[in-house]
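Take a look at the structure below.
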Amino acid sequence: MSPTAIPGVERILFTEEQIEARIREVAADISRDYAGKTVKLVGVLKGSVFFLTALARHIEVPLKIDFLAISSFSDRSGSPGVVRIAKDLDEGIEGEDVLLVEDIVDTGFTLRYLLQTLASRAPNSLAVCTFLDRHSRRIVQSPVKYRCFEIPDRFVVGFGLDHNQLYRNLGCVAVMKPEKQ
Ligand code: PRP
């Protein structure tokens, strides 16, 4: 799908080639850091699917994959950041080296919840790898060990990120015009 065919796209932020090159770099870092271990990639549905599979193909240590899904909403007072697990992992993670894989970290509420939840299951290690980091929106600080790209405070689509569930299948990451945000 060509990003230029999408109404509302302002410009391409990262090309397919840039994304591929950066994912290879991050995968090399992970392969080095987890040498001698088996890493379990835990993907957060749905956005992380494209990144997780691309990353996994370049990681050179044994790896397993599992997924969870979350729902997030505001509480009765209107405060954001209430997160629940909508679909849990298929298997336990006790004693495993878990790498939580996200497509994007914004406020950090989701990450804080997931890290607390997964840590309570006694993994051997627990770290975070995100495709995009929109750090300017962070409200809750959470440790992100690996990130592919820092992005500006703009609405982006592609490579797993959606607008009304569309455009996840773009090979690039594109910025939407402000009126589409
Ligand atoms: C995205 C992303 C994180 C969350 C981060 O999911 O995958 O789970 O938002 O936001 P936060 O840092 O402000 O908590 P999204 O709700 O877009 O769902 P999706 O992956 O199914 O598109």
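Quick caveat, the model's predicted, so the values are computed rather than measured. When a ligand or atom number is given, it counts from 1 through the structure's own listing order.
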Any donor-acceptor pair under 3.5 Å from Arg137 side chain to Val105 backbone: no

Atom 13 (O) of ligand 1 [closest protein heavy-atom partner, distance rounded to 0.1 Å]: Thr107 OG1, 2.5 Å

Taking atom 6 (O) of ligand 1 as the reference point, the nearest protein heavy atom with its distance: Asp103 OD1, 4.6 Å

From Leu41 atom CG to Ile30 atom CD1, the distance as rounded to the nearest 0.5 Å: 7.0 Å

Protein heavy atom at shortest distance from atom 16 (O) of ligand 1: Ser72 OG, 4.8 Å

Atoms of ligand 1, numbered as shown, that sit under 4.0 Å from any heavy atom of Asp162: 22 (O)

Subset of ligand 1 atoms that lie under 4.0 Å from at least one heavy atom of Gly47: 19 (P), 20 (O), 21 (O)

Mutual orientation of the aromatic rings belonging to Phe155 and His163 [parallel < 30°, tilted 30-60°, perpendicular > 60°]: perpendicular

Heavy-atom closest contact (Arg22 atom, Cys148 atom, distance): NE-O, 2.8 Å

Single hit among Asp33, Thr130, Asp133 for side-chain hydrogen bond (donor to acceptor under 3.5 Å, both in side chains) with Tyr146: Asp33

Arg168 to ligand 1, any heavy atom closer than 4.0 Å: yes

Contact check, Ser48 vs ligand 1, heavy-atom distance below 4.0 Å: no

Ligand-side contact atoms (ligand 1) for residue partner Thr110, heavy atom cut-off under 4.0 Å: 4 (C), 5 (C), 8 (O), 10 (O), 11 (P), 14 (O)

Ligand 1 atoms in contact with Lys46 (distance to a heavy atom under 4.0 Å): 19 (P), 20 (O), 21 (O)

Ligand 1 contacted by Leu111 (non-hydrogen, < 4.0 Å): no

Closest protein heavy atom to atom 5 (C) of ligand 1, given as residue, atom name and distance to 0.1 Å: Ile104 O, 3.5 Å

Any non-hydrogen protein atom less than 4.0 Å away from atom 20 (O) of ligand 1: yes

Minimum-distance pair of heavy atoms, taken over all atoms of Phe14 and Leu132: CE1-CD2, 4.1 Å

Phe131 side, atom CZ; Ile151 side, atom CD1 - distance, nearest 0.5 Å: 9.0 Å

Asp106 backbone acceptor or donor facing Arg138 side chain under 3.5 Å: yes

Ionic contact status for Glu91 with Lys40, cut-off 4.0 Å: yes

Contacting atoms of ligand 1, where contact means under 4.0 angstrom from a heavy atom of Leu45: 20 (O), 21 (O)

Ligand 1-proximal atoms of Glu102, by part, heavy-atom distance under 4.0 Å: side chain

Any non-hydrogen protein atom less than 4.0 Å away from atom 8 (O) of ligand 1: yes

Value rounded to 0.5 Å, distance of CD in Glu10 from NZ in Lys177: 8.0 Å

